[in-house]
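These notes concern the structure reproduced below.
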Amino acid sequence: MRLSRTLAPTLKETPAEAQIVSHRLMLRAGLVRQTAAGIYAWLPMGFRVLQNIARIVREEQDAVGAQEMLMPTIQPAELWRTSGRYDAYGPEMLRIRDRHERDMLFGPTNEEMITDIFRQSVKSYRELPQMLYHIQWKFRDEVRPRFGVMRGREFLMKDAYSFDLDYPGAVISYRKMMLAYMRTFQRLGVKAIPMEAESGPIGGNLSHEFIILAATGESEVWYDAGFERMDFSGSAVSHQSEADLERFFAEMTTPYAATDEKHDPAAWDKVSDQRQGRGIEVGHIFYFGTKYSAPMGLSVAGRDGIPVVPHMGSYGIGVSRLVGALIEAHHDAAGIVWPESVAPFRAAILNLKVGDPLCDRVCEDLYARFAGAALYDDREDRAGVKFADADLMGHPWQIVVGPRGAAAGVVELKRRATGEKLELPIDAVHARIG
RNA sequence: CGGGGCGUGGCGCAGCCUGGUAGCGCGCGUGUUUUGGGUACACGAGGCCGCCGGUUCGAGUCCGGCCGCCCCGACCA
């Protein structure tokens with residue numbers, strides 16, 4: 001992408017409405033624009049990040065056997081009356097009416113809908129277990145939206161739903177999801193810790209929230225430093241092995257970890273390697289049994305022909321919230337420092353002298369070599385402007401092409417995360433970081 | 001929803017108390033200059049002063065109503 005042809009309106013000054021660092025940086029780096037309180041338009045740079053996060057979430061959901069689908073944003077009120085939540089949900093639910101005066105709503109979540117869909121077509125125990133998910137926009141009419149996309153009214157969320165024949169089966173699904181979550185957050189470049197949670201308005205009794213660590217986080221967290229050393233990548237844990245899952249689950253839930261509400265000073269004293277910090281909730285998983293399946297009449301024929309009411313769970317990840325949360329976890333005074341896995345571009349090519357035949361040629365060659373993975377700053381601006389914008393936008397690498405170096409056949413490579421710089425031959429750049 | 005604050009060129013703000021036809025910095029355009037960390041100078045474009053109504057010869061400024069946005073708290077992926 002050529003920056004001169006890209007809608008990436010960077011700002012030197014911070015808009016007055018933005019308070020927290022991620023919100024300021026998202027506005028300044030031109031990732032989003034606010035449309036109304038808690039509602040944002042995603043500009044090209046921000047959208048690329050959002051897509052990258054969604055891609056990783058999707059890959060890890062698929063990896064544990066969840067199936068992707070897509071449910072609508074608008075739902076009929078009728079569906080919510082069958083579970084009793086239409087009246088219970090309160091003003092957070094955006095209620096709308098269509099031209100036929102039918103009550104509709106902009107979905108804040110999809111338990112009713114998925115249960116209804118599942119009920120229509122699944123009739124036998126032979127078809128269970130199943131896990132389904134979608135990545136879709138949700139709306140919750142927060143009284144007070146704030147913190148930019150971290151607490152918006154409209155937000156992109158991955159929500160998954162599991163259906164099992166019984167409690168032991170549901171526990172296995174629950175553990176698979178926990179594994180998928182730990183892998184997801186690890187790939188997103190953040191430390192995440194599962195903490196036991198209240199099950200809240202959705203109900204149930206097996207529930208964890210996933211908190212990622214960030215100095216500017218919203219809540220205080222206490223945890224065992226052992227969490228920092230865990231590695232979920234690779235094949236150490238197989239989602240197809242119940243024994244693996246059980247061991248994994250024990251590893252996740254045994255060491256101490258708690259937020260303010262559940263912090264227990266007595267238990268905390270017994271932790272040998274204590275860590276205290278701040279965190280942001282980015283995911284939440286629940287087991288809620290037959291809370292929806294029973295009242296909504298979902299049942300399948302069991303092995304003996306007798307109807308069985310499936311046990312369900314639901315599992316959310318705040319995809320759009322993660323964009324803000326990742327910035328909270330990864331930034332410095334100059335701007336965003338994207339983890340490599342989600343950065344809008346792997347590298348920015350900075351042409352310090354647009355119009356100079358040699359610089360132009362070197363940049364064009366490099367740009368072609370990166371085949372879409374690099375952002376080319378071809379604007380006719382001063383070097384300082386380009387350095388500042390590249391730092392602000394946070395691409396992992398900056399490839400600096402100036403007349404002096406180009407004449408000598410070298411460019412400067414700067415690593416955004418550390419600030420370290422090195423000169424290397426033009427031909428070596430792509431091999432080094434491509 | 002309780003408490004507080006703010007709406008003035010794209011962004012950040014002054015002007016409002018003490019009405020007289022809108023200003024500063026950044027950004028934008030043109031030219032010169034500069035040429036590896038937001039260069040300097042000159043010229044220029046750009047504003048139903050959130051909306052509606054009222055007071056007045058005259059309203060960005062005073063009065064009333066409405067709308068929008070932000071902050072603290074209670075609440076949440």
Side-chain angles (χ1 to χ4, degrees), chain A residues 7 9-20 23-24 27-28 30 33-39 53 57 89-93 107-110 135-160 181 197-198 200-202 207-212 218-219 259 261 279-286 314-325 334-335 350-356 359 377 379-392 398-407 410-412 414 419 421 423:
Chain A
L7 182 65
T10 55
L11 264 24
K12 214 166 172 178
E13 287 169 297
T14 305
E17 72 265 19
Q19 296 299 312
I20 63 163
H23 190 194
R24 300 160 85 115
L27 256 19
R28 288 227 297 132
R33 274 299 110 99
Q34 180 169 311
T35 293
I39 302 180
I53 294 173
V57 168
Y89 217 92
E92 279 214 338
M93 183 153 75
T109 176
N110 289 69
I135 297 174
Q136 177 64 294
W137 293 93
K138 303 287 191 294
F139 197 94
R140 288 184 195 167
D141 201 359
E142 297 278 346
V143 212
R144 190 185 161 214
R146 61 183 125 174
F147 308 145
V149 300
M150 297 249 291
R151 178 86 184 278
R153 290 193 293 171
E154 187 183 51
F155 55 97
L156 187 63
M157 178 174 166
K158 183 286 299 182
D159 42 320
Y181 275 39
E198 301 290 352
I202 296 182
S207 169
H208 286 85
E209 47 186 39
F210 293 78
I211 307 283
I212 65 171
E218 61 201 344
S219 56
T259 53
E261 313 99 60
I280 301 167
E281 184 185 349
V282 291
H284 206 150
I285 60 181
F286 301 93
S314 79
Y315 315 86
I317 290 182
V319 177
S320 51
R321 163 179 267 206
L322 267 164
V323 178
L350 310 190
N351 186 342
L352 297 193
K353 193 164 186 180
V354 171
D356 175 271
C359 285
D377 190 345
R379 298 174 301 174
E380 293 184 33
D381 268 303
R382 293 189 46 89
V385 172
K386 300 190 180 199
F387 289 132
D389 276 350
D391 284 349
L392 177 61
Q398 291 170 20
I399 302 164
V400 183
V401 179
R404 284 204 304 265
V410 298
V411 295
E412 183 185 277
K414 174 181 160 181
K421 298 172 184 169
E423 274 200 346

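We name chains A, B, ... by the order of the sequence lines, and we start the count at 1 in each one. Predicted, not measured: the structure shown is a model, and the values here were computed from it.
Which of rA74(B), rC13(B), rC76(B) sits closest to the side chain of Arg146(A) comes down to rA74(B). Comparing atom distances between the Glu17(A) side chain and each of rG12(B), rA77(B), rG37(B) picks out rG12(B) as nearest. The side chain of Glu13(A) approaches rC11(B) more closely than any other nucleotide in the set rG37(B), rC11(B), rC70(B).
Within the 4.0 angstrom heavy-atom criterion, only backbone atoms of the sugar-phosphate kind lie near Thr14(A); the bases stay farther away. Heavy atoms of Asp381(A) sit nowhere under 4.0 angstrom from any nucleic acid atom. Nucleic acid contact for Ala388(A): base, since at least one base atom lies under 4.0 Å from a heavy atom of the residue. Among the protein residues, Leu11(A) comes within range of no part of the nucleic acid, since none of its heavy atoms lies under 4.0 Å from any strand. Asp391(A) comes within 4.0 angstrom of a nucleotide base, judged by non-hydrogen atoms across all strands. As judged by a 4.0 angstrom heavy-atom cut-off over every strand, Gly402(A) is placed among the base-contacting residues. Contact annotation for Gly148(A): no contact, since no heavy-atom pair falls under 4.0 Å across all strands. If you check every strand for non-hydrogen atoms under 4.0 Å, Val319(A) touches nothing. At the heavy-atom level, Ala18(A) lies nowhere under 4.0 Å from the strands shown. Nucleic acid contact class of Glu209(A) (heavy atoms, under 4.0 Å, all strands): none.
Taking atom CZ of residue Arg24(A) and atom P of nucleotide rC70(B), one finds them 15 Å apart after rounding to whole Å. Atom CZ of Arg153(A) is separated from atom C1' of rC75(B) by 15 Å (rounded to the nearest Å). Across the protein-nucleic acid pair, Met150(A) atom CE and rC75(B) atom P stand 18 Å apart, rounded to whole Å. Taking atom CD of residue Gln19(A) and atom P of nucleotide rG5(B), one finds them 16 Å apart after rounding to whole Å. Distance Asp389(A) CG to rG38(B) C1': 8 Å, rounded to the nearest Å. Atom pair Glu380(A):CD and rU34(B):P shows a separation of 17 Å (rounding to whole Å applied). For Glu218(A) and rA77(B), the CD to P distance is 10 Å, given to the nearest whole Å. In this structure, CD of Glu142(A) is placed 15 Å from P of rC1(B), rounded to the nearest angstrom.
Taking the C1' atom of each, rU8(B) and rC16(B) are spaced 11 Å apart, rounded to whole Å. The P atoms of rG9(B) and rG15(B) are separated by 15 Å, rounded to the nearest whole Å. Between rG25(B) and rA45(B), the two P atoms lie 16 Å apart (nearest whole Å). For the C1' atoms, the distance linking rC6(B) with rC13(B) amounts to 12 Å, nearest Å. Taking the C1' atoms as reference points, rA22(B) lies 16 Å from rG58(B), given to the whole Å. On the P atoms, rG19(B) is 37 Å away from rC41(B), given to the nearest whole Å. Of the C1' atoms belonging to rU21(B) and rG31(B), the separation is 33 Å, rounded to the nearest Å. Rounded to a whole angstrom, the distance from the P atom of rG44(B) to that of rG54(B) is 39 Å.
As the counterpart of rC66(B), rG50(B) is assigned, both hydrogen-bonding distances of the Watson-Crick or G-U wobble pattern falling under 3.5 Å. Nucleotide rA42(B) forms a Watson-Crick or G-U wobble pair with rU30(B), both donor-acceptor distances falling under 3.5 Å. Of the nucleotides present, none pairs with rA59(B) by Watson-Crick or G-U wobble criteria with both distances under 3.5 Å. Both distances falling under 3.5 Å, in either a Watson-Crick or a G-U wobble arrangement, place rC1(B) opposite rG73(B).
Atom CZ of Arg24(A) sits about 7.0 Å away from atom CD of Gln19(A), to the nearest 0.5 Å. Atoms NE2 and CD, on His284(A) and Glu209(A) in that order, are 5.0 Å from each other to the nearest 0.5 Å.
With hydrogens and angles ignored, a donor-acceptor pair closer than 3.5 Å exists between the side chain of Arg151(A) and the base of rC75(B).
Counting heavy atoms from C-beta outward, Arg379(A) and Val354(A) have side chains that stay 4.5 Å or more apart. Between Ile211(A) and Glu281(A), the closest side-chain pair of non-hydrogen atoms falls below 4.5 Å. Residues Gln34(A) and Pro15(A) fail the side-chain proximity criterion, which asks for heavy atoms closer than 4.5 Å. Proximity of His23(A) to Phe147(A): side-chain heavy atoms (C-beta onward) are nowhere separated by under 4.5 Å. Residues Leu352(A) and Phe387(A) meet the side-chain proximity criterion, which asks for heavy atoms closer than 4.5 Å.
Aromatic stacking of Phe155(A) on rA77(B): satisfied, with centres closer than 5.5 Å and planes within an angle under 30 degrees.
Closest-nucleotide positions on RNA chain B for Val282(A) and Arg379(A) were compared, and the one nearer the 5' end corresponds to Arg379(A). In this structure, Pro145(A) and Glu423(A) both approach RNA chain B, and ranking their closest nucleotides by distance from the 5' end singles out Glu423(A).
Contacts of Lys353(A) classified as salt bridge (Lys or Arg N to Asp or Glu O under 4.0 Å), with partners at least two apart in sequence or in another chain: none.
Minimum heavy-atom separation, Ala325(A) to Ile212(A): CB-CD1, 3.6 Å. Contact between Asp141(A) and Pro91(A) at its shortest, heavy atoms only, is CB-O, 3.7 Å.
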With the sugar-phosphate defined as primed atoms, P, OP1 and OP2, and the base as all remaining atoms, what B/S/- string results for nucleotides 39-44 of chain B, 5' to 3', for protein heavy atoms under 4.0 Å? B-----
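Residue Gln34(A) places at least one side-chain N or O closer than 4.0 Å to OP1 or OP2 of rC70(B). Considering only side-chain N and O atoms, Arg144(A) lies under 4.0 angstrom from the phosphate OP1 or OP2 of rC71(B). Contact annotation: Lys12(A) does not reach the phosphate of rC26(B) (side-chain N/O to OP1 or OP2, under 4.0 Å).
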Please test Gln398(A) against Asp391(A) for side chain to side chain donor-acceptor pair (under 3.5 Å), starting from the C-alpha separation and ending with a verdict. CA-CA 9 Å; Gln398(A) 291 170 20; Asp391(A) 284 349; 2.7 Å; yes
